[in-house]
Amino acid sequence: MHTDPLVELTERLFAAWSSGDPDAPASFFHPDGVLRDIVGGDHVGWPAIRSFFGNGLRRWPDLVLAPAEFWTNERGVSTRWTMTATVTDPRPFGADAVGRTWRSEGMSWIVFEDGLVRLEVDYHDSAAAANSLGIT
């Protein structure tokens, strides 16, 4: 763990995203918080964020978001991360991908207000998972 309180908060947030529990990140978000996923769109408020995240967990139940580096300022944290999950359904990658783990790298900018996430913007490549499996 880091000594910067915003980095520690970010590490706990990412542990919640990686827990397999669609409700685990709820306590980290401001009631009107926004999750802006560059691929998946804007989700405003916990019910919308939870719906988006829950849909992802149904497809990728062992999803892991592992932060690797952090940059901070007085408003929040940027982090570089790696996302991985095991293919359990032939859709969308095909039967040969089932049982294999895909990987996608990305970055997030997280703005905190009163210790809660006001805005999380996730930047990643929509083709990275398929590319990591050798599917183009």
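Sequence positions, counted from 1, serve as the residue numbers for this chain. Just so it is clear, the values below take in all heavy atoms, side chains as well, and ignore hydrogens, waters and symmetry mates.
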With a 4.5 Å cut-off on side-chain heavy atoms, are Met83 and His124 touching?
yes
State the CG-CG distance between Asp21 and Leu57, to the nearest 0.5 angstrom.
8.5 Å
Which heavy atom of Asp62 sits nearest to which heavy atom of Ala85, and what is that distance?
OD1-CA, 3.5 Å
Non-hydrogen atoms of Ala128 and Ser104 that approach each other most closely
CB-OG, 3.5 Å
Decide if atom CG of Asn55 counts as having more than 12 heavy atoms of other residues, nucleotides or ligands within a radius under 6.0 Å.
yes
same_hphob_cluster(Trp71, Leu6) at 4.5 Å side-chain heavy-atom cutoff:
no
If hydrophobic clusters are built from ILVMFWY residues whose side chains come within less than 4.5 Å, do Val77 and Leu9 share one?
yes
Below 4.5 Å, heavy atoms only, C-beta onward: do Leu13 and Val117 meet side chain to side chain?
yes
Rounded to the nearest 0.5 Å, what's the gap from CZ on Phe70 to OG1 on Thr79? Could you check?
4.0 Å
Heavy atoms from other residues, nucleotides or ligands near CZ of Arg75 exceed 12 (cutoff 6.0 Å):
no
Sequence neighbours left out, what passes ring-ring contact (aromatic ring centres under 6.0 Å, His included) with Phe29? Give chain and number order.
Trp17, Trp46
Nearest 0.5 Å please: distance from the CG atom of Asp122 over to the CZ atom of Arg36.
11.0 Å
Listed by chain and number, what are the ring-ring contact (aromatic ring centres under 6.0 Å, His included) partners of His43, not counting sequence neighbours?
Phe52
Going from CD1 on Ile38 to CE on Met107, what distance comes out if it is rounded to the nearest 0.5 angstrom?
12.5 Å
Can you name the residues that form a side-chain contact (heavy atoms from CB on, under 4.5 Å) with Val44, not counting sequence neighbours?
Val34
How far apart are the C-alpha atoms of Asp23 and Arg50, what are their side-chain angles, what is the distance that settles it, and do they pass the salt bridge (charged side-chain N to carboxylate O under 4.0 Å, His left out) test?
CA-CA 7 Å; Asp23 294 309; Arg50 196 240 187 247; 2.8 Å; yes
Determine yes or no for a side-chain-to-main-chain donor-acceptor pair under 3.5 angstrom, with Ser78 supplying the side chain and Trp109 the backbone.
no
State, with a plain yes or no, whether a side-chain heavy atom of Trp60 is found less than 4.5 Å away from one of Thr84.
no
Just so I know, are the side chains of Asp89 and Val87 near enough to count as touching, which here means a heavy-atom distance under 4.5 Å?
no
Nearest-0.5 Å distance, CZ of residue Arg12 to OG of residue Ser19
14.0 Å
For the side chain of Ser108 and the backbone of Ile110, is there at least one donor-acceptor N/O pair under 3.5 Å apart?
no
Within the 4.5 Å heavy-atom criterion, are Glu69 and Trp81 side-chain neighbours or not?
no
Among residues at least two apart in sequence or on other chains, which ones pass ring-ring contact (aromatic ring centres under 6.0 Å, His included) with Tyr123?
none
Atom CG in Asn131, atom CG in Asp125: separation rounded to 0.5 Å?
6.5 Å
What I'd like to find out is whether the side chain of Phe53 reaches to under 4.5 Å of the side chain of Leu63, using heavy atoms alone.
yes
Would Val98 and Thr88 count as a side-chain contact (heavy atoms from CB on, under 4.5 Å) if you check the C-alpha gap in whole Å, the side-chain angles of each, and the deciding distance to 0.1 Å?
CA-CA 5 Å; Val98 173; Thr88 59; 5.8 Å; no
Do you know which two heavy atoms are closest between Phe93 and Ala97, and how far apart they sit?
CB-CB, 3.6 Å
Can you list the residues that meet the salt bridge (Lys or Arg N to Asp or Glu O under 4.0 Å) rule with Asp32, with sequence neighbours excluded?
none
Do side-chain atoms of Arg118 reach the backbone of His30 as a donor and acceptor pair under 3.5 angstrom?
no
What residues form a side-chain contact (heavy atoms from CB on, under 4.5 Å) with Ser18, not counting sequence neighbours?
Val64, Leu65
Quick check: does any side chain N or O of Asn73 sit under 3.5 Å from a backbone N or O of Gly76, one acting as donor and the other as acceptor?
yes
